[in-house]
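First comes the structure, then the notes that go with it.
Throughout, a chain's letter reflects where its sequence line sits, starting with A, and its residues are numbered from 1.
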Protein chains: 2
Amino acid sequence: MITLVSILRKSFANGARMGAVDVTGNAMARPRRAPPSADRPAVASITSVAARAGVSIATVSRIVNGIANKAGPETVERVQRAIAELGYRPLSVGRALRRKESRLVALLAANLGNPAMAAIAASAETALREAGYVMVLCDTHDRPELQDEYLLEMRAQLVRGIILLGAVPSTHLERFVQQGEPLLFVNRRSPFAGTAPFVGVDNALAGAEVADLFLSRGIHDIAVVHGSLKSSATAERLEGFAQRLAGAGIRLPKSRRLTAPLLDHLAIGYAAAGRLVAPGPVPRGIFCLSDLIAYGVHKRLLEAGVRVPGDSLVVGFDDNPLNNWLAPWLSSVRVPYASFGAAIVEAFDGIWSGATSRHVELPHELVLREP
Amino acid sequence: MITLVSILRKSFANGARMGAVDVTGNAMARPRRAPPSADRPAVASITSVAARAGVSIATVSRIVNGIANKAGPETVERVQRAIAELGYRPLSVGRALRRKESRLVALLAANLGNPAMAAIAASAETALREAGYVMVLCDTHDRPELQDEYLLEMRAQLVRGIILLGAVPSTHLERFVQQGEPLLFVNRRSPFAGTAPFVGVDNALAGAEVADLFLSRGIHDIAVVHGSLKSSATAERLEGFAQRLAGAGIRLPKSRRLTAPLLDHLAIGYAAAGRLVAPGPVPRGIFCLSDLIAYGVHKRLLEAGVRVPGDSLVVGFDDNPLNNWLAPWLSSVRVPYASFGAAIVEAFDGIWSGATSRHVELPHELVLREP
DNA sequence: TCTTGTTGGGCAAACGTTTACCTCGGAAGA
DNA sequence: TCTTCCGAGGTAAACGTTTGCCCAACAAGA
């Protein structure tokens, strides 16, 4: 049995399919022995409340749920007292099973190591709680199989909605979209056809505004450093940026569009900047498509003796709150992460009430820092 | 009804108690109308699998759960095929209701805005998933009522365990501790009597090591800047630090123990440093009990023309991974956040198998940065 | 007085699982 | 040949809720 359990755990971990039991992704994480819960006092149930108040469980349920005209004032009073005395609180699983719907909302984030995603997660949690929901957090590590595993698991949890913060194309995601599961895409749009609900900033416009900044300063020698273009956010930023430059007669050659085959944005920035300083001269304007990339670029520039923003104006994206404290040299497009939570709840309200496709566009702002 | 719902939402949000219905903290977050889920295809249940395989649901259940010797090979084969064809996955709520235990584990964090807590959350999520659990994330914002509300809600969700990442004293927390609920304290110890399971670093030792660093450099003019001493982590760090200094004959007067009545560590650091630069001279060694505090201190010092670490050696705590990129001037006690997840799972394994009190102490490391 | 409608409340089904208990064969041991 | 045991599988109860349906009592309108 020990062996069985450990095999199951392993297979769940990597999403492999290796047998009947694992096909359904369950049976793992069962306690080896019964947990020592016997000593814990029994938690009050609707039955105990009903007994103590001398009514049926139906009446308790109706009072708890505020169904009017189904109980007299003195009955309500009695039941309320019983509830208070027993410390009763309805069990979510019983309720969810009956209603076929829980109060859980899942957030599938591509990479929680990214401060921007962590900030969105924090904001979402607060807003969801205020709206009465409970948030489940999942880190897909940008891996399609893991994302699929989470999607299936969340459906099995009867979650009310799923937030995809940085979705990656995957089999089941496409299926979920088609089947009309309550999905909300944040930051990155749905990678599939059709228009799925989305919350985020106008990335193309923001990119264009950065281009405007460079142009207004007379900076024409420009480079851009970016992560994977599979992300719609990245692609749109780059597109808006390049297009605006093109409109001013400035083209952005391949040699000025840099990236690196790495996952970590910090490392991408550092590596890409290496290819900028080596041949030289360093471009007078560098647009980094995330703050993390900008940090990496900056470090490499510093090592090469390039002053920022004096010699080269570096512009990031996200505007990490720490920038004010640690990166006074970095201009950046501020994304209002603190207001993502409210926007997410608003979008879900739309989804749940049957709106065909709910889009929320949040305002961004180019923050200039030149010490 | 609209009014009722909005009242309930509000009251749930601030944890107030204002009527029968709200006493149980439910009834909010119900959809105004039925969600348009009718178009979604029905999800397979154990009944449909049983029907398709021509067996009883008991047999399906046993096969799914890997109970041996209860089904012949060809039956298993038939059931597995049915499961695969229907895409069946057991509904968690049904299972949880029956077993009186879910696969949910809750993480109650004091402040997700703090990068250190966010890092622990990310690490915990990954480790829990690998062990087969699903993580619920809650931000208590260091508020006791909110923490209580979460505790109650999580019990109603039948969570398998609750991680308190930065617990604050509260009524129900004390009750939960007494009742033997599966709680795990991380970073901050239980604020109540008795020894509750704990995961964290040896804060006192780390504090002492920072003192040693100062002493070995001949730095005797020292200050410490800290946040709330209600946090056991903060208190222990300070205690270990001061004690080691005292052992070397150096005392730390009140005027060299600085804080500010603020929540934000960045602001605390900035404000406290203001009181350091004003009278002058600035101490040659400043121990900041978190990296965020160090960032705030550094900014203020910089404004005053103090060079770090040249004029004053600033030491932080946590060692945010960004320090390598953004704060090359900051030495810091590295806390191994990436390994917290595994430690948390290990601790829970102990708790669930009935160990009286499971403690995991993680190694820290003083990282020196002097560019 | 009879109908009709409303209020107050109980009964029982249903949601999807797990599992204790039962039954039926067949095989092995006495 | 008669027990005994084991494998294979079904039946039904139970977990905690919600809710459709029923019914009694009472009030108002005809």
Calculate, to the nearest 0.5 Å, the distance between atoms CD and CD belonging to A/Glu125 and A/Glu130 respectively. 9.5 Å
Give, for atom OG1 of B/Thr126 and atom CG of A/Leu112, the distance between the pair rounded to the nearest 0.5 Å. 7.5 Å
Show the nearest heavy-atom pair for residues A/Val60 and A/Ile46, with the distance to one decimal. CG1-CG1, 3.5 Å
For [X] and [N], give me the distance from atom [atom1] to atom [atom2], rounded to whole Å.
X        : N      : atom1 : atom2 : value
B/Asn65  : C/dT17 : CG    : C1'   : 9 Å
A/Arg103 : D/dT17 : CZ    : P     : 13 Å
B/Arg89  : C/dT17 : CZ    : P     : 12 Å
A/Ile63  : D/dT18 : CD1   : P     : 12 Å
B/Arg98  : C/dT17 : CZ    : P     : 13 Å
A/Ile46  : D/dT19 : CD1   : C1'   : 11 Å
B/Arg99  : C/dG16 : CZ    : P     : 17 Å
A/Glu74  : C/dG8  : CD    : P     : 8 Å

For A/Ile57 and A/Asn69, take the nucleotide of DNA chain C holding the closest heavy atom to each; which residue's nucleotide lies nearer the 5' end? A/Asn69
Using a strict 4.0 Å threshold on nitrogen-to-oxygen distance, state whether A/Arg89 and B/Glu153 make a salt bridge. yes
At less than 3.5 Å, do the side-chain atoms of A/Arg95 and the base atoms of D/dT17 form a donor-acceptor pair?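 Side chain to base: no pair present.
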What about A/Arg62: does its side chain form a donor-acceptor pair under 3.5 Å with the base of C/dG10? yes
Main-chain N/O of B/Ala347 paired with B/Trp352 side-chain donor or acceptor, under 3.5 Å: no
Looking at B/Ala122, is its backbone amide N or carbonyl O close enough to the side chain of A/Asp139 to form a donor-acceptor pair, meaning the two atoms are under 3.5 Å apart?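 Side chain of A/Asp139 to backbone of B/Ala122: no pair is present.
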Compare side-chain N and O positions of [X] against OP1 and OP2 of [N] and report whether any pair is under 4.0 Å apart.
X        : N      : result
B/Ser45  : C/dC15 : no
B/Lys100 : D/dG16 : yes
B/Thr59  : D/dG10 : yes

If you look at every strand shown and take non-hydrogen atoms under 4.0 Å, does [X] touch a base, only sugar-phosphate, or nothing?
X       : answer
A/Val55 : sugar-phosphate
A/Leu91 : sugar-phosphate
A/Ala58 : base

Among B/Arg175, B/Glu149, B/Gln147, side chain to side chain donor-acceptor pair (under 3.5 Å) partner for B/Ser170: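 For B/Ser170, the side chain to side chain donor-acceptor pair (under 3.5 Å) test succeeds with only one of B/Arg175, B/Glu149, B/Gln147, which is B/Gln147.
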Step by step, work out the salt bridge (charged side-chain N to carboxylate O under 4.0 Å, His left out) result for A/Glu77 and A/Arg81. CA-CA 6 Å; A/Glu77 155 68 13; A/Arg81 201 171 36 230; 3.1 Å; yes
Estimated bend of the helix from C/dT1-D/dA30 to C/dA30-D/dT1 (axis per five terminal pairs, rounded to 10 degrees):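 The helix from C/dT1-D/dA30 to C/dA30-D/dT1 shows an end-to-end axis angle of 50°.
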Residue mapping more 5' on DNA chain D - nearest nucleotide basis, B/Thr75 or A/Val43: B/Thr75
Relative to the 5' end of DNA chain D, which residue comes earlier, B/Gly54 or A/Val93, by the nucleotide with the nearest heavy atom?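 The 5'-side residue here is B/Gly54.
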